[in-house]
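I have placed the structure first, in the form of structure tokens, so that the comments after it can refer back to it.
What you see is a predicted model, and the numbers here were worked out from it, not measured in a lab. Residue numbering restarts at 1 for every chain, and letters A, B, ... go by the order of the sequence lines.
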There are 2 protein chains.
Amino acid sequence: MSLPKNQKTTIKVIAERAGVSVTTVSRVMSGQGSKYRISKKTEELVNRLAKELNYETNILARSLRMKQTFSIGMIVPDISNPFFASIARSVEIESRKAGYSVILCDSQEDTTLEKESLKVLRMRKVDGMIICPVGKELKNIIDVSKFNIPVIVVDRYFPALNLSCVVSDNYNGAIQAINHFIDKGHRKIAFIQGLRNTSVNEERLKGYLDAHEKNNIPVNESFIVGEDFGKQNGYIGAKILLNGSERPTAILGGSNLISLGALRAISEEHLNIPDDISLIAFDDQPYYDFLSSPITSIRQKKEELGKISIALLLNELKGGNVPGKKKIIVPTELIVRKSVKQIN
Amino acid sequence: MSLPKNQKTTIKVIAERAGVSVTTVSRVMSGQGSKYRISKKTEELVNRLAKELNYETNILARSLRMKQTFSIGMIVPDISNPFFASIARSVEIESRKAGYSVILCDSQEDTTLEKESLKVLRMRKVDGMIICPVGKELKNIIDVSKFNIPVIVVDRYFPALNLSCVVSDNYNGAIQAINHFIDKGHRKIAFIQGLRNTSVNEERLKGYLDAHEKNNIPVNESFIVGEDFGKQNGYIGAKILLNGSERPTAILGGSNLISLGALRAISEEHLNIPDDISLIAFDDQPYYDFLSSPITSIRQKKEELGKISIALLLNELKGGNVPGKKKIIVPTELIVRKSVKQIN
DNA sequence: GAAATTAGGACAAACGATTGAGCAATAAGG
DNA sequence: CCTTATTGCTCAATCGTTTGTCCTAATTTC
């Protein structure tokens, strides 16, 4: 019952108390007792002492020796964005199940902070990383791949990169959205896009364009606005669209935050959804059902993105068969609510 | 330019290359050069080699020796809840600025997982912890305080506990809400509460009750429903309230998720806010402005909760003056929108 | 009954830093 | 020229594990 007060319980004090070597204690504690022919009696003694003295393995020491930390690094551009928070959540839950801890870094959409995070995670010797890149620059991610530490890229990726990645089917998601607009009779469809030159944005944009082309609807260049994934951008983008020389009848919001900003602009202009303007949001949110008019959206399977990423990473860590880098595309889903008007 | 391929760059290889001892290298790398009278020449040589060889300190080794990991553990009940995500975000940002990393654990509102997280964080020798407890049981948190590692408790705390904590002013928040209802003429005010026996809930409940008493309005016991902070609970609670023998005219939702659930129930019953029923939500969310009727809410200053917590913790870590444990209460703010009807 | 196994465990070298104490060479002081 | 300081480092222990190798008794085998 003597709780360790001054003295931290280490393998060494257990060894002394038990009258055996530290080797023996180590082997018992790591469950290798039988493998190394430690007698039942010794094993029980050691276990009892460990419990009594409240022993807890010092993971630092173990990691240093084993060159494995059982930790993974996760970098997201903004953990307060529910999209990334959901991904982070499933990553954490699955990691823990596998005996890993996750070190979280918020890059704040800033390439410099992203780089810094990468460095910290390397210094901490994480066994692997799951990165939702800022996406503006390839450089950081290229660099990290030089350190031959397993990395999974999620959401925003770089086609040129030889890393496994897990992404939503942004292209077909956009197509679903635009087709839905077109089915409902819309021809003047705008797109408030996110950050240029990120895969996520370019694929959505391509979907937007291709869906127009396949339906023989000309694209009005002035209907494409926006420059990042934030709320402010959505607000400004919508303001511009609604006050342009030609007003669109429908808007595709390039992210959940963009759509939120657009909602503010629409409301400020005293317009009603869907009567005056139709809207589809990329990335579904739990509250869409309760907005002034429930918002039709393209749902991304966030938990699956997270689960697949961590599964991929763990597999690589198990030294598993690494059959080349994979690109895994997770389908999106059109959730029809009431924000798209049937016209004509 | 010889990038380290097979061989990781350690202090030792730099020492060999430079023809000095590891001690010297260590001292240069940690910026203690002048303190230990390392010559400018040697210092520059070491620095140059470190750069060339792409040296990065192994934090594990340092931590083992220094008995300091420069990491802090953070436990939240659900990182995908924007409330906790916002807190986590400011904790991460401020930690990083101070040179700390954060290990994130999601307890999934489960006491057992919380306990497990606590253990993992101890094994990883975090320098301190910031915990948003599940709140059902005191035991876990009492246990952790035995290990004399600095801990800050956020949001749900235990009055009996001798730990610093940072909380919203839940009591006055509830009072603000109820007073607002009363000002608007409401007398039949319901409360969908969260998890019983958590400080957060009990204080809000007390505010609810006291505000009634001070205004000489009898409390109808059947107007108090609910049992946890989740969406489902809000839905069920509202269903019960709306179909009870006596229907309230106003509802205070005990959390953002509860309020979301309540919205669904209200909508299912084909009722309109605020004409048929008034609502105030505890914890403001960015989308409240855009709900079918913009929701009046009690805003919690989430970022401040996070910032204050980490500041408190860092202060304790600096070995700073620890003038007893503190309880810091962060005021809430009533955000008036359009979900409360003026009656009579 | 000698040789070969087996059981049960101990030794000591890592892992990569940090750090108190010490030591040789040079400079300064008288 | 001898003593004392100062400069500029180095030595070696330490942090708490893990792990390949080795060792001694006891037990089997033939």
- Task: Using modelled atom types only, decide if a donor and an acceptor are shared between the side chain of A:T9 and the backbone of A:N54 within a distance under 3.5 Å.
- Result: no
- Query: Rounded to whole angstrom units, what separation is found between the CD atom of A:E44 and the P atom of C:dG8?
  - Reply: 13 Å
- Task: For B:T42, report the nucleic acid contact type (base, sugar-phosphate, nothing); a contact means any heavy atom under 4.0 Å.
- Result: sugar-phosphate
- Calculate the interatomic distance between B:R62 atom CZ and C:dT18 atom P; express it in whole Å. 5 Å
- Distance col, row B:T42:OG1 vs B:R27:CZ, nearest 0.5 angstrom, shows 13.5 Å
- What's the shortest heavy-atom distance between A:R96 and B:L113, and which atoms? NH1-O, 3.7 Å
- Message: Using a strict threshold of under 4.0 Å (side-chain N to carboxylate O), is an ion pair present between B:E303 and B:K307?
- Response: no
- Message: Mind checking if B:S26 touches a base, just sugar-phosphate, or nothing, with heavy atoms under 4.0 Å?
- Response: base
- Message: Quick one: does any side-chain atom of B:N315 pair with a main-chain N or O of B:A311 as donor and acceptor, under 3.5 Å?
- Response: no
- Message: Would you say B:S26 and B:T23 are linked by a side-chain donor-acceptor pair, where the criterion is simply a distance under 3.5 Å?
- Response: no
- Side-chain (A:E114) to main-chain (A:V134) donor-acceptor, under 3.5 angstrom: yes
- Query: Using a cut-off of less than 4.0 Å, is there contact between a side-chain N or O of A:T24 and OP1 or OP2 of C:dA10?
  - Reply: yes
- Near DNA chain C, which residues from residues 30-40 of chain A have a heavy atom under 4.0 Å away? A:Y36, A:R37, A:I38, A:S39
- Message: Using a 3.5 Å distance criterion without hydrogens, assess whether the side chain of A:S164 forms a donor-acceptor pair with backbone atoms of A:K326.
- Response: yes
- Task: Ignoring the backbone of A:Y55, work out which of C:dA17, D:dT17, C:dA10 is nearest its side chain.
- Result: D:dT17
- Give the minimum heavy-atom separation between B:Q108 and B:D106, together with the two atoms involved. N-OD1, 2.9 Å
- Is a donor on one side and an acceptor on the other found under 3.5 Å between the side chain of A:K136 and the backbone of A:E109? yes
- Heavy atoms under 4.0 Å, any strand shown: does B:K12 hit a base, just sugar-phosphate, or nothing? nothing
Could you write out each protein N or O paired with an N or O of nucleotides 11-13 of chain C at a distance under 3.5 Å?
unit_1: C:dC11; atom_1: N4; unit_2: A:T23; atom_2: OG1; d: 2.6
unit_1: C:dA12; atom_1: N6; unit_2: A:T23; atom_2: OG1; d: 3.1

- Message: Please report the distance, rounded to the nearest Å, between NZ in B:K67 and P in C:dA17.
- Response: 18 Å
- Note on the structure: When rounded to whole Å, the NZ to P distance for the pair A:K125 and C:dC15 reads 13 Å
- Note on the structure: From CG of A:N58 across to P of C:dG16 the rounded distance in Å is 16 Å
- Item | Gap between atoms CD and C1', on B:Q68 and C:dG16 respectively (whole Å) | 17 Å
- Item | Inter-axis angle, terminal five-pair segments of the helix from C:dG1-D:dC30 to C:dG30-D:dC1 [nearest 10°] | 50°
- Query: Rounded to the nearest Å, what distance is computed from the CG atom of residue B:L64 to the P atom of nucleotide C:dA17?
  - Reply: 12 Å
- Can you tell me the distance, in whole Å, between the CD1 atom of B:I11 and the C1' atom of D:dT10? 14 Å
- Message: Looking at B:E116 and B:K119, is any side-chain nitrogen of the basic one under 4.0 Å from a carboxylate oxygen of the acidic one?
- Response: no
- Query: Are A:E94 and A:K97 within salt-bridge range, i.e. N to O under 4.0 Å?
  - Reply: yes
- Let me know, please, whether B:A61 or B:G19 comes out on the 5' side of the other along DNA chain D by nearest nucleotide. B:G19
